[in-house]
Each structure stands twice: as structure tokens, then as C-alpha cells.
Peer 1: 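My structure is below; once you've seen it, I'll send some questions.
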Amino acid sequence: MDITTLGVASVAAITILCYWVGLIVKATPLDDKYIPVVCGAAGALLGLLWFLSGFPDFPASDPITAAAVGIVSGLAATGVNQITKQLKGD
């Protein structure tokens, strides 16, 4: 098994896109407490989009798993944001 069969690129792409969605939400008047929810929802939609588009390396074989992978990727984006804030000391 090589790294391409794990779907790492697809999951990383969803995480990055959700991170950007979180940054956009942060720039709006919406309360910051909703950013994880928005990122999770965006991840679910992106996961389904990836699945329905037929990406061969996407690690899901059904829509429910695709949505779950997307949600976890979206929530990982908020974790990445918090790690960078903690390392910077904000």
C-alpha cells in the first residue's frame, strides 16, 4: 500500500478549503463560536462532492462515510487554526 491509496490528498484538500471557509466566516459579523459548525457543514458538502465526483483516491465508498470524512476534515481545519494560534501565543 502506498500513500496514494489512503486518500490523504483529498482529505488534505478538504481540510484546506474548510480552513479558508473558516477565515471567511471570521471576517463576517457572525459570532466565532459558529466557525466549527460552518466548517463541519462545509466539510460534509465537500466530502459528498468529492464522492459524487468519483475521485479515485477518496477514502469513502458510500455517501454517509463521505460526509463523515468531510465533517472530520472540516473540524480538523478548526484544530489547525487553534494550533497555530497557540504556537503564536495569541
Side-chain angles (χ1 to χ4, degrees):
M1 175 188 300
D2 63 33
I3 192 102
T4 59
T5 60
L6 298 175
V8 174
S10 295
V11 173
I14 292 173
T15 303
I16 291 167
L17 290 172
C18 289
Y19 182 81
W20 289 342
V21 167
L23 291 176
I24 291 168
V25 171
K26 186 146 183 78
T28 68
L30 190 64
D31 194 351
D32 288 351
K33 69 181 179 182
Y34 296 113
I35 293 174
V37 175
V38 172
C39 285
L45 291 174
L46 288 169
L48 287 170
L49 178 66
W50 250 254
F51 173 73
L52 295 173
S53 297
F55 279 88
D57 66 338
F58 189 64
S61 57
D62 61 89
I64 300 295
T65 305
V69 168
I71 290 168
V72 170
S73 299
L75 294 176
T78 60
V80 168
N81 179 280
Q82 289 303 307
I83 288 171
T84 56
K85 285 176 75 172
Q86 295 297 320
L87 290 175
K88 289 193 313 188
D90 289 347

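Just so you know, these numbers come straight off a predicted model, no measurement behind them.
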Peer 1: Grouping I, L, V, M, F, W and Y whenever their side-chain heavy atoms are under 4.5 Å apart, do F51 and I14 come out in a common cluster?
Peer 2: yes
Peer 1: Under a single-linkage definition using a 4.5 Å side-chain heavy-atom cutoff for Ile, Leu, Val, Met, Phe, Trp and Tyr, are L45 and L49 assigned to the same hydrophobic cluster?
Peer 2: no
Peer 1: Without placing hydrogens or testing angles, list every side-chain donor-acceptor pair under 3.5 Å for residues 23-39, not counting sequence neighbours.
Peer 2:
unit_1 : atom_1 : unit_2 : atom_2 : d
K26    : NZ     : D32    : OD2    : 2.7
T28    : OG1    : V25    : O      : 2.6
T28    : OG1    : L30    : N      : 3.3

Peer 1: Is Y19 reachable from L17 through a run of I, L, V, M, F, W or Y residues, each pair having side-chain heavy atoms under 4.5 Å apart?
Peer 2: yes
Peer 1: Can you tell me how far the OG1 atom of T15 sits from the CH2 atom of W20, to the nearest 0.5 Å?
Peer 2: 12.0 Å
Peer 1: When the side chains of residues 61-75 are checked against the rest of the protein, which donor-acceptor pairs come out under 3.5 Å, sequence neighbours left out?
Peer 2:
unit_1 : atom_1 : unit_2 : atom_2 : d
D62    : OD1    : I64    : N      : 3.2
D62    : OD1    : T65    : N      : 2.9
D62    : OD1    : T65    : OG1    : 3.1
D62    : OD2    : T65    : OG1    : 2.9
S73    : OG     : V69    : O      : 2.8

